[in-house]
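Because only heavy atoms are used, hydrogens play no part in the values below, and waters and symmetry mates are left out as well, while side chains stay in.
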Amino acid sequence: HQHRHGGRLPLRLLSRHQLRELHTRRPHCEPHRHLITEGRHENLWSVLGAHVRRDENGELIGTAFAVWAPNARNVSLICDINFWDRKTHPMIPLGSNGLWEIFIPDLAPGTKYKFAIEGRDGRWVDHADPMARQTEVPPLTASIVNESNYQWSDEAWLTERSMYQPWRSPVSIYEVHLGSWKPGLSYRELARDLSEYVLSQGFTHVEFLPVTEHPYSPSWGYQVTSYFAPTSRFGTPDDFRYLVDELHRQGIGVLLDWV
């Protein structure tokens, strides 16, 4: 029945390491709360959204959720494990600064979720997580708890970039919209075809038109709903990492349009 009591794991069951892990990354922790309140937090993705928590042995503890909803009367987490019932997991407000949080024990990566928000007018509206790392494939709109174990292999590129001198080195950028360049290709297929084309044409960089998740395909990504989730139309977040990794391995820089 612990899920119906705010989703909190009894503290007596947590180790000292688990308690420290849960506490230090919560948005109420200073300096997070202070910076968020002032609008100066430059790494919001690290404290808001959904974050999987594991103990020192890598065993799953659960998932922590946080969202900024300053005009909300109430906020609830709705997801697969509670049958999308907003009465099951009400979130906890952190003072009057608009931050809401909840920790759900044993909730694993792959779980679909949204935030149900009651506005000042008393209406409830279900929202995708603007800080989500992964989403359902549109036109579906749920966010997905994501955890990546991707192993990057672009060390040579990073070393070269650290010595880059923009006032001396040539730059030639190929701007591309992934959905229309070669329709139907996945991120991993694009890694092969796009790398070959860019190299054959002598470009040094590619610039992706917005790849963050958006509901309306003809908008070309200019109606963002999740700022840290690459669109799931072409694959998973790790598939997108593979695309960037392969471009880097081929000596090609990557620029992202941020909308």
Side-chain angles (χ1 to χ4, degrees), residues 25 42-54 58 60-67 77 79-81 104 107-115 127-155 157-158 176-195 206-217 219-250 252-259:
R25 299 193 183 187
E42 297 181 356
N43 297 293
L44 283 174
W45 58 268
S46 68
V47 289
L48 299 182
H51 294 272
V52 177
R53 299 290 186 243
R54 296 185 180 275
L60 179 68
I61 305 173
T63 299
F65 297 86
V67 66
L77 179 77
C79 60
D80 289 336
I81 69 168
I104 308 296
L107 192 148
T111 302
K112 295 186 288 293
Y113 71 97
K114 287 186 178 182
F115 298 118
H127 289 267
D129 182 1
M131 298 289 172
R133 313 287 184 84
Q134 185 176 3
T135 70
E136 290 186 293
V137 179
L140 301 178
T141 58
S143 304
I144 300 175
V145 176
N146 177 263
E147 183 182 45
S148 175
N149 295 305
Y150 186 82
Q151 298 297 312
W152 292 88
S153 57
D154 59 351
E155 295 82 4
W157 163 256
L158 294 177
V176 58
H177 175 252
L178 295 181
S180 60
W181 186 69
K182 283 189 177 181
L185 295 187
S186 68
Y187 286 130
R188 290 182 179 266
E189 292 166 336
L190 283 161
R192 177 197 63 224
D193 290 10
L194 187 58
S195 295
V206 296
E207 179 180 353
F208 293 149
L209 271 69
V211 294
T212 45
E213 194 57 271
H214 51 283
Y216 184 53
S217 294
S219 76
W220 278 30
Y222 287 94
Q223 297 174 337
V224 178
T225 50
S226 294
Y227 291 91
F228 294 92
T231 179
S232 54
R233 290 169 174 83
F234 316 124
T236 68
D238 278 352
D239 291 335
F240 180 74
R241 290 182 176 94
Y242 178 85
L243 168 59
V244 175
D245 206 11
E246 178 60 22
L247 288 166
H248 283 175
R249 285 196 295 263
Q250 299 297 329
I252 302 166
V254 179
L255 307 173
L256 298 179
D257 280 5
W258 184 261
V259 182

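- Formation of a donor-acceptor pair under 3.5 Å by the Arg241 side chain with backbone atoms of Thr236 is not found in this model.
- Taking OH from Tyr187 and CG from Asp239, the interatomic distance works out to 8.5 Å, rounded to the nearest 0.5 Å.
- Shown here are the side-chain contact (heavy atoms from CB on, under 4.5 Å) partners of Arg233, two or more places apart in sequence or in another chain: Pro138, Glu213, His214, Ser217, Thr231.
- The aromatic rings of Trp157 and His248 sit parallel, their planes meeting at an angle under 30°, below the 60° perpendicular limit.
- Side-chain contact between Phe234 and Phe240 is absent, with no heavy atoms from C-beta onward closer than 4.5 Å.
- Although no hydrogens or angles enter the test, the distance criterion places a donor-acceptor pair under 3.5 Å between the side chain of Ser143 and the main chain of Asp129.
- With Asp80 contributing its side chain and Thr111 its backbone, the two residues share no donor-acceptor pair below 3.5 Å.
- Partner of Val52 under the side chain to side chain contact (heavy atoms under 4.5 Å, CB included) criterion, out of Leu107, Val145, Ile61: Val145 alone.
- In this structure, Leu185 CG and Leu190 CG are separated by 5.0 Å, a value rounded to the nearest 0.5 Å.
- A 4.5 Å side-chain heavy-atom check between Val259 and Thr212 finds every atom pair outside the cut-off.
- A side chain to side chain contact (heavy atoms under 4.5 Å, CB included) with Leu209 is found for one member of Val176, Asp257, Leu256 and no other, namely Asp257.
- At least one side-chain heavy atom of Val211 sits under 4.5 Å from a side-chain heavy atom of Leu178.
- Ring-centre distance between Trp220 and Phe208: not below the 6.0 Å cut-off.
- Annotation: cation-pi pair Arg249/Tyr242 present, NZ/CZ under 6.0 Å from the ring centroid and within 45° of its normal.
- Counting all heavy atoms, side chain and backbone alike, Gln134 lies closest to Asn146 at OE1-ND2, 2.8 Å.
- The two residues Ala66 and Phe115 make their nearest non-hydrogen contact at O-CZ, 4.1 Å.
- Considering CD of Glu246 and CG of Asp154, their distance stands at 10.5 Å, rounded to 0.5 Å.
- With rounding to the nearest 0.5 angstrom, the OG atom of Ser232 is 8.5 Å from the CG atom of Leu140.
- The two residues Ile104 and Phe65 come nearest to each other via the heavy atoms CG1-CE1, 4.1 Å.
- Panel note: side chain Ser219, backbone Gly221; a donor-acceptor pair is recorded below 3.5 Å.
- In terms of heavy-atom proximity, Leu247 sits nearest to Ser195 at CD2-OG, 3.4 Å.
- Heavy-atom minimum distance, Gln223 versus Tyr216: OE1-CB, 3.3 Å.
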task: Applying side chain to side chain contact (heavy atoms under 4.5 Å, CB included), run through Leu158 and Trp152 and close with a yes or a no.
output: CA-CA 11 Å; Leu158 294 177; Trp152 292 88; over 6 Å; no
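- Heavy-atom minimum distance, Leu44 versus Met131: CB-CE, 3.8 Å.
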query: Step by step, would you call Ser148 with Asp238 a side chain to side chain donor-acceptor pair (under 3.5 Å)?
result: CA-CA 7 Å; Ser148 175; Asp238 278 352; 2.6 Å; yes
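- A distance of 10.5 Å separates SG of Cys79 from NZ of Lys112, quoted to the nearest 0.5 Å.
- Using a 4.0 Å cut-off between charged side-chain N and carboxylate O, Arg54 and Glu147 make a salt bridge.
- Looking only at side-chain heavy atoms (C-beta outward), Asp193 and Trp181 come within less than 4.5 Å of each other.
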